[in-house]
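Structure first, then comments.
Each chain gets a letter, A, B and so on, in the order the sequences are listed, and its residues count up from 1. Heavy atoms only: backbone and side chains are in, while hydrogens, waters and symmetry mates are out.
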Amino acid sequence: MLRPRVVMLVDLDYFYAQVEERRNPSIRGKPVVVCVYSGRTEDSGAVATSNYIAREYGVRSGIPISLAKKRLKDNKDAVFLPIDRPYYQAVSERIMSVIRASADSFEQVGIDEAYLDVTDRVRGDFGEAKELACKIKNDVLEQEGVTCSVGVAPNKLVAKMASDAQKPDGLTIVKPEEVKTFLDPLPADRIIGIGGKTSKRLEDMNIKTISDLASYDVERLIEKFGKALGNYFHNASLGIDDSPVQERGEVESISRIATLKENTRDINVIMQKANELSDDVHAKLLERGVNFKLVGIVMIMKDLTVHSKSKTFETPMFDVDVIKRTARELFDKLLNESTNEARRIGVRVSVLGKVEKTQRRLTDFFGSSS
DNA sequence: GTATGCTTTCGGC
DNA sequence: TTACGGCCGAAAGCATAC
């Protein structure tokens, strides 16, 4: 007898802003806005996240800081704080180790979310799962002073949507027999992978809700979106998802990006910043003890359009000069393909591998005959 | 025709 | 009226190999 899985998604509420509230409780009850200042002018930059009080004023992730200030100008209590990633990272690591202790298998996604497969420890019982979810919420609140929202469902897809249904400090259980009732009325764009562009196309096909999507012919979906995506949409609309909860390995790429003091097309100005970014990236490579096979760059132009280039090497590289030289080559190419000025630039390395402690011997490559 | 690998873009947080 | 970050993994798009 196949027992349904019991999967949870734990999402730490408005994480950066909540951590700031915990660090300085006197800002609780006020709008809190965590900002990424670019350093170009006083208020240039974007909002990383905000607490729910700030959100009532329309201050959400991604909007310009100056716009956030405008929207909050009548609230004299509003607090604007610079982002402190290392601190949030440290808090996240402690919280994640608390959560992990309640899982059969565990998969962290980003700094503030984790999937747990708890099928075995609740013996497939959603009633027990609810108690476990409450215990996790309690553990995290008592030990780290942070609230979270939890979704419990038969798979990752529905667990994620369940956790979104009620927040902050929410708990939403969707038993196997409730999946259809839960999903049907939701707008189609609540499915991961259906963003602005795809939902527009779906609307043109008269598909607005997940229910609409579920009753649409699979073959027709495949005609429109291709095999992989068509099947994915069809299955997702029915709440079907077999993807396992599995531990994620080390990060697969390391990147740094920065805003230039002024827009420019001057390769020397660009390379001065690019070399700094390359040094930072290289320092992280050394820290991790890894080499790389790919160097990529990104350029965000004056008009905020994004362009990127990359180059893959056949063998692993580890010199900072390779990063710098390749970056220059790629920035030169990119500038040649556009007449626009650059606003921000970034450097990225990926396809990372472990640096061997000693030089490998030929026998490691060709095998030994003895 | 399908699988594989590389480059570029997308989009979540 | 406009305003505008810094990451990351995944998807999409394309070329080439089988």
Side-chain angles (χ1 to χ4, degrees), chain A residues 9 11-19 33-50 58-73 82-86 88-89 92 107-114 160 163-164 167 189-199 225-230 232-233 243 248-260 263 273 277 280-281 284 293-314 326 330 333-334 337 343-352:
Chain A
L9 188 276
D11 184 334
L12 307 177
D13 297 322
Y14 61 102
F15 185 56
Y16 297 172
Q18 201 190 351
V19 170
V33 187
V34 177
C35 302
V36 186
Y37 292 100
S38 73
R40 166 172 282 213
T41 61
E42 170 92 6
D43 283 337
S44 74
V47 171
T49 195
S50 58
V59 172
R60 299 164 273 97
S61 303
I63 71 168
I65 295 167
S66 50
L67 178 56
K69 292 207 165 170
K70 186 185 169 191
R71 290 188 175 164
L72 279 166
K73 68 176 185 300
I83 192 167
D84 183 354
R85 262 185 246 273
Y88 312 144
Q89 183 63 43
S92 166
E107 177 179 354
Q108 188 177 336
V109 183
I111 197 171
D112 65 351
E113 275 184 34
K160 169 73 177 164
S163 81
D164 285 335
K167 50 172 52 173
D189 65 9
R190 295 287 285 276
I191 292 172
I192 306 165
I194 301 185
K197 240 159 116 185
T198 307
S199 71
F225 295 98
K227 199 170 167 184
L229 217 48
Y232 170 72
F233 290 162
S243 62
R248 300 221 175 168
E250 302 278 277
V251 294
E252 292 165 15
S253 73
I254 296 171
S255 65
R256 284 293 322 269
I257 183 169
T259 302
L260 300 165
N263 298 346
K273 180 58 78 178
L277 300 177
D280 286 356
V281 165
K284 281 200 180 178
K293 281 211 225 175
L294 181 145
V295 175
I297 56 134
V298 62
M299 199 155 165
I300 294 100
M301 318 307 285
K302 182 183 176 183
D303 62 1
L304 300 183
T305 57
V306 181
H307 303 271
S308 61
K309 289 232 170 285
S310 66
K311 174 170 172 173
T312 302
F313 296 94
E314 289 192 356
T326 309
L330 297 172
K333 265 197 218 171
L334 235 168
E337 292 171 10
R343 178 187 176 90
R344 303 160 64 202
I345 61 156
V347 174
R348 182 176 192 170
V349 296
S350 65
V351 196
L352 309 177

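Of all nucleotides listed (dT7(B), dA3(C), dT9(B)), dT9(B) comes nearest to the side chain of S308(A). The side chain of S255(A) sits closest to dC8(C) out of dG5(C), dC13(B), dC8(C). Considering only side-chain atoms of R248(A), the nucleotide from dA3(C), dG5(C), dA10(C) that sits closest is dA10(C). With dG9(C), dG5(C), dA3(C) as the candidates, the nucleotide lying closest to the side chain of S253(A) is dG9(C). Comparing dG5(C), dC7(C), dA10(C) against the side chain of S38(A) picks out dG5(C) as the nearest. Among the nucleotides dT7(B), dC4(C), dG5(C), the one closest to any side-chain atom of P64(A) is dC4(C). For V251(A), the side-chain atoms get nearest to dC8(C) when compared with the rest of dC8(C), dC4(C), dT7(B).
Within the 4.0 angstrom heavy-atom criterion, no nucleotide atom of any strand lies near G296(A). Residue D43(A) is classed as having no contact, given no heavy-atom separation below 4.0 Å to the nucleic acid. Looking at heavy-atom distances under 4.0 Å, G45(A) makes contact with sugar-phosphate atoms alone, never a base. Counting non-hydrogen atoms under 4.0 angstrom, R348(A) reaches a base of the nucleic acid.
The side chain of R85(A) contributes no N or O atom lying less than 4.0 Å from OP1 or OP2 of dG5(C). Residue R256(A) has a polar side-chain atom (N or O) positioned under 4.0 Å from OP1 or OP2 of dC7(C). Neither OP1 nor OP2 of dC4(C) sits under 4.0 Å from any side-chain N or O of K70(A). Contact annotation: S61(A) side-chain N/O to dC13(B) OP1/OP2 distance is not under 4.0 Å. At dC4(C), none of the side-chain N or O atoms of S44(A) fall inside 4.0 Å of OP1 or OP2 (strictly under the cut-off). Within the structure, a side-chain polar atom (N or O) of S310(A) is placed less than 4.0 Å from OP1 or OP2 of dT8(B). Phosphate proximity of dT8(B) to K309(A): present, with a side-chain N or O under 4.0 Å from OP1 or OP2. OP1 or OP2 of dG6(C) lies within a sub-4.0 Å distance of a side-chain N or O belonging to T259(A).
Atom NZ in K69(A) sits about 13 Å away from atom C1' in dA3(C), given to the nearest Å. In this structure, K273(A) atom NZ and dG5(C) atom C1' are separated by 14 Å, rounded to whole Å. Rounded to whole Å, the distance from CD1 on I65(A) to P on dG5(C) is 8 Å. Atom NZ of K160(A) and atom P of dG9(C) are 17 Å apart (whole Å). If you take CG of L12(A) and C1' of dC13(B), they are 12 Å apart, rounded to a whole angstrom. Look at CD on Q89(A): it is 13 Å from P on dC7(C), rounded to the nearest Å. Rounded to whole angstrom, the span from the CZ atom of R60(A) across to the P atom of dC13(B) amounts to 15 Å. Counting to the nearest Å, the P atom of dG5(C) and the CD1 atom of I63(A) are 13 Å from each other.
Not one N or O on the side chain of R256(A) forms a donor-acceptor pair closer than 3.5 Å with the backbone of D280(A).
Counting only residues at least two apart or on different chains, the salt bridge (charged side-chain N to carboxylate O under 4.0 Å, His left out) pairs with a member in residues 33-46 of chain A are D43(A)-K69(A).
Where L67(A) and Y37(A) each meet DNA chain C at their nearest nucleotide, the meeting point lying more 5' is that of L67(A).
K273(A) is listed as a side-chain neighbour of L260(A), based on a closest heavy-atom distance under 4.5 Å. Two residues are said to be in side-chain contact when any heavy atoms from C-beta on lie closer than 4.5 Å; I297(A) and I345(A) fail this criterion.
To the nearest 0.5 Å, atoms NZ (K70(A)) and CD1 (I63(A)) are separated by 11.0 Å.
On the P atoms, dC4(C) is 25 Å away from dC13(B), given to the nearest whole Å.
In this pair, Y16(A) and Y88(A) present their aromatic rings parallel. The plane angle is below 30°, not in the 30 to 60° band.
A salt bridge is absent between D164(A) and R190(A); no separation between the charged side-chain nitrogens and carboxylate oxygens falls under 4.0 Å.
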